[in-house]
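Reading through the structure tokens given below for one structure.
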Number of protein chains: 2
Amino acid sequence: MRQNPARRAALLDAAIEVLAREGSRGLTFRAVDEAAGVPRGTASNYFANRDELLTQAGARVHERFRPAPATVAMALEGPRDRARLTALMRDLVERISAFPSGQLALLELRLEATRRPRLREILTRQIRDDLEANVDFHLKTGLPGDATTVVLLYLAINWLILDRLTLPEVIPEDRVPELVEALVERLAPAEGAR
Amino acid sequence: MRQNPARRAALLDAAIEVLAREGSRGLTFRAVDEAAGVPRGTASNYFANRDELLTQAGARVHERFRPAPATVAMALEGPRDRARLTALMRDLVERISAFPSGQLALLELRLEATRRPRLREILTRQIRDDLEANVDFHLKTGLPGDATTVVLLYLAINWLILDRLTLPEVIPEDRVPELVEALVERLAPAEGAR
DNA sequence: TTGACACCACTCCAACTGTAGTACTACGTT
DNA sequence: AACGTAGTACTACAGTTGGAGTGGTGTCAA
């Protein structure tokens, strides 16, 4: 079992790309090797089996999704009103839609998690922690709305992104901003009402 | 190419089960044969290739999801207030969560649709029509809320179901009814406000 | 009798996995 | 400075699997 962390990360990133591009059907050790531009057999040296590869890829997606420091900074400036929240949500939709690989890979992994307890465990923790962090952040910064607001936003925004990534013609492109605005407007109480 | 429609439908139903159970990676002609309890090679006689199998399975899911006549009838009785809408939504979540195969297969197909234009076309039409029918039904029966309400409900409810099916521990089981209620409460205007 | 289909068996094929063997590099030792 | 060692990259291969597709035969119904 090889240990080189940079190479391992590169292989995992390649695995994420393969997952997004070819689906879990196309995710083989060889495909990972090729996507990473390393000789055949390399992935075999780093991951004992498919399950290892998938769970580590899940952790890697987590790792790459977490930071987003620019957005955090942006949220801390200016007023904390609904307009700001709307802007944040629009930014979120745009940002994730613009880099679909991670999100698509995550969906593939979710479906795989149905059959792989270890993977399910990892994804559960990762997504639950993320959601909790969002709630905390939201409440702490004084953005409009309560904890339920954040959870409901999470639900709707995620499916909106899924629709855009997989079946973009179900909801016309130009309705997206309007929908996000309506979501915030209805899910977060008006400023006066707090 | 065989034509027997009953057998074809049985093969497609088997394909849906395989998709839900084993994912698109496990969807092979042989697996379909076995799931349908027919001799090996049969699926080959009914579908020229994988693409055919998937697109026809997509259409078949559509076919099986459409009816739901009992729920329609239920929606037509009693008052059309928010409590009724909440009950309808809860029923929807329960009903779909209780028969996960169709929903999981649909998700697998969505991801496949990323790479298969024909499949994307079929799923898009099917889901768009469904959503439009829901909007029409909602408005016609006078349930609370406007067209946007229905779309936003569609988004949030779908991801809620996805979470329950794939990572049930992200959102605790017992929070689901409460979340559905909060959704309806916030997305549909109060009765007096209409 | 003819045509369509179910069933069965068989062959071909493609690809993946995992490992063994070799070469390289870096580092530490003497 | 020379040497030895450990870890890693690379290459090739051997074994295995499993699926696709097809041709032939039996059966049933028109």
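Every chain is numbered from 1 and lettered A, B, ... according to where its sequence line falls, protein lines coming before strand lines.
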(message) If we ignore hydrogens and angles and just use 3.5 Å, is the side chain of B:R2 paired with the main-chain N or O of B:Y46 as donor and acceptor?
(response) no
(message) Is there, by distance only and without an angle test, a donor paired with an acceptor across the side chain of B:R2 and the base of C:dA4 below 3.5 Å?
(response) no
(request) When you get a sec, tell me which of C:dC7, D:dA20, D:dT11 is the closest nucleotide to the side chain of B:P39? (result) C:dC7
(message) Under a 3.5 Å threshold, yes or no: a donor from one side chain and an acceptor from the other, between B:D146 and B:T149?
(response) yes
(request) Can you sort out which residues in residues 48-61 of chain A have a heavy atom within less than 4.0 Å of DNA chain D? Ascending by number, please. (result) none
(request) Check each residue of residues 6-38 of chain A for a non-hydrogen atom within less than 4.0 Å of any atom in DNA chain D, then write out the ones that pass by number, or none. (result) A:R7
(message) Under a plain distance cut-off of 3.5 Å, with no hydrogens placed, do B:E17 and B:S101 share a side-chain donor-acceptor pair?
(response) yes
(request) Among A:H62, A:Q56, A:E63, find the residue that satisfies the side-chain hydrogen bond (donor to acceptor under 3.5 Å, both in side chains) test when tested with A:R60. (result) A:E63
(message) Does D:dA9 have its OP1 or OP2 closer than 4.0 Å to a side-chain nitrogen or oxygen of A:Y46?
(response) yes
(request) Begin with the C-alpha distance, continue with both residues' side-chain angles, and end with the deciding distance and a verdict on side-chain contact (heavy atoms from CB on, under 4.5 Å) for B:L27 and B:E22. (result) CA-CA 7 Å; B:L27 185 75; B:E22 323 245 0; over 6 Å; no
(request) Report yes if the side chains of A:L104 and A:L19 come closer than 4.5 Å at any heavy-atom pair, otherwise no. (result) no
(request) Measure the distance from CZ on B:R40 to C1' on C:dA9 and round it to the nearest whole Å. (result) 11 Å
(message) Can you measure A:N45 atom CG to D:dT11 atom P for me and round it to whole angstrom units?
(response) 13 Å
(message) If you define the side chain from C-beta out and look only at heavy atoms, does anything of B:T42 sit under 4.5 Å from B:R7?
(response) yes
(request) Please report, rounded to the nearest Å, how far the C1' atom of D:dG7 is from the CD atom of A:Q3. (result) 10 Å
(message) For D:dA9 and A:N4 - does any side-chain N or O of the residue sit under 4.0 Å from the phosphate oxygens OP1/OP2?
(response) yes
(message) Could you tell me if the side chain of B:L153 sits less than 4.5 Å from the side chain of B:V150, heavy atoms only?
(response) no
